[in-house]
There are 2 protein chains.
Amino acid sequence: MNKIKRYNSTDKVMVAVDCIIFGFDNERLKLLLIKRSFEPEIGKWSLMGGFLKKSENLDQAAARVLKNLTGLENIYLEQLYSYSKIDRDPVDRTISVAYFALISIDKYKIQISKDHDAKWFDINDYPKPIFDHSKMIKKALVRLRRKALTYPIGFELLPEKFTMKQLQDLYESIFNKEIDKRNFISKVISLNVLIKTEEKDKSTSKKGAFLYRFDENKYNENKKQGYNLSIKLK
Amino acid sequence: MNKIKRYNSTDKVMVAVDCIIFGFDNERLKLLLIKRSFEPEIGKWSLMGGFLKKSENLDQAAARVLKNLTGLENIYLEQLYSYSKIDRDPVDRTISVAYFALISIDKYKIQISKDHDAKWFDINDYPKPIFDHSKMIKKALVRLRRKALTYPIGFELLPEKFTMKQLQDLYESIFNKEIDKRNFISKVISLNVLIKTEEKDKSTSKKGAFLYRFDENKYNENKKQGYNLSIKLK
DNA sequence: CCAAAAGTGTTTATGATACACCCATGA
DNA sequence: TCATGGGTGTATCATAAACACTTTTGG
């Protein structure tokens, strides 16, 4: 190919990534927000974000932003949606590509970077964030709910070993809805992606609850047949 | 708010929108591609695209691109995904936000702009397009299939009045799969969004087939209960 | 021994699938 | 009258939902 003129660059814009970081603390679904230490909107709650660099793609930028805040790598990240309202950022024309991340809060000992004033909030009770971040969070939750029905998100949100109660709590928290224990367990078992270990977690009862692990191989074998954890959404 | 320094602008990039334009000609689902009249990749098939301007948001840019090619306004457009591989466009660093559009090919007398060499292709038989457009098209088809199960896309893809056969052909074409006529019709009727008119289309049979219309009010009333046109995807 | 959480099955209801014949009409 | 596409109903099967009691054990 011969030399080609570069495109007219008068319309170049800043591209940001913002991360909706979901975490599960083995009881409730949480959302990680930071208190902004810079203008604009200093002191207000915000999603963790950053600008896309010339040397990276969007997935990489989102991973960098996430690592910057949590120190974690190889975390589940999925692109959500791109936001482009002209004045969404009062400083400069910026479009933002939102990503959402899924983290098991205690699987890793998360060291939230001291550079940031960050806090986990319950997914049903968090402060109003800046800009259009509220829209992003709502859309991420919708996406997470859909994903939870067709993909074993417990892989990402639960520790290595977990009890059925924890798995059920995760789903109840995501859907903000009580689920019948018997139906839930028999459905989950029938999906055939869990391995029951010999171990018990005695931290919440005298009897103790068996610990389970996800089996990625089983999941990969079975996923052709479809994975569907129907939960009635009234 | 006081004057705030603009963000460092060394990392500004071009933002493009590319439109995956689906159309239904009352027989098969089609895809509209253009033959590029400019470098790079002149003469190859491509999605219709354009660059985001400072004065518009992404939805507006996509609508402008679509109007530019087809002359149509108020067409269903949905943002699909943002593509950002560093060298995806060989000329300059560009990220592209893909949108997909749904058009009833004969509901409007589409005047494809003579400025473009455009052509409708069958969704199962189209030429390999440039850059990452093939990935975009595949993702758009996945999205369309999901959408078809939960939203009456016939609103967008069919003419004002249509026969059950046309509606079924649309779904068979989208899913590339034969569907049982009796099951399909009774399922569609049960969704309670169609109005049967007194008119018949006699163009394909001596007996004639009743024409139906979508009823947007019925749809809006019923959608709280969910809209689900289960089609077995083997 | 008892409080508290873990564990376990069955029945019913709903919805999906499979399947085949009659109808209306213009040529 | 007959060829062609239009229109219709039922029986079976799979899965979701509703529902309550027994087990275990540390304190």
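If you're wondering where the values come from, they're calculated on a predicted model, not measured in any experiment.
In this structure, A/Lys44 places its NZ atom where only 12 or fewer heavy-atom neighbours from other residues, nucleotides or ligands lie under 6.0 Å away.
Taking atom CD of residue B/Gln168 and atom C1' of nucleotide D/dG5, one finds them 13 Å apart after rounding to whole Å. Atoms CD (A/Glu27) and P (C/dA5) sit 12 Å apart, rounded to a whole Å.
Listed candidates were C/dA20, C/dT8, D/dA16. Nearest to the side chain of A/Arg182 is C/dT8. Distances from the side chain of A/Ile185 to the nucleotides C/dT8, C/dA18, D/dA16 place C/dT8 closest.
Only one option out of B/Phe214, B/Tyr227, B/Tyr219 pairs with B/Tyr151 in a ring-ring contact (aromatic ring centres under 6.0 Å, His included); it is B/Tyr219.
Ring pair A/Tyr83/A/Tyr81: centre-to-centre distance below 6.0 Å.
For the pair B/Lys200 and B/Phe210, the cation sits on the ring face: its NZ or CZ lies under 6.0 Å from the ring centre, inside 45° of the axis.
Near DNA chain C, defined here as any heavy-atom distance below 4.0 Å, the residues from residues 194-210 of chain B are B/Lys202, B/Lys206, B/Lys207, listed numerically.
Among the protein residues, A/Lys181 comes within range of the nucleic acid bases, having at least one heavy atom under 4.0 Å from a base atom.
The CH2 atom of B/Trp45 sits 13.0 Å away from atom CZ of B/Arg36, with the distance rounded to the nearest 0.5 Å. A/His116 contributes atom NE2, which lies 6.0 Å from atom CD1 of A/Ile34 (distance to the nearest 0.5 angstrom).
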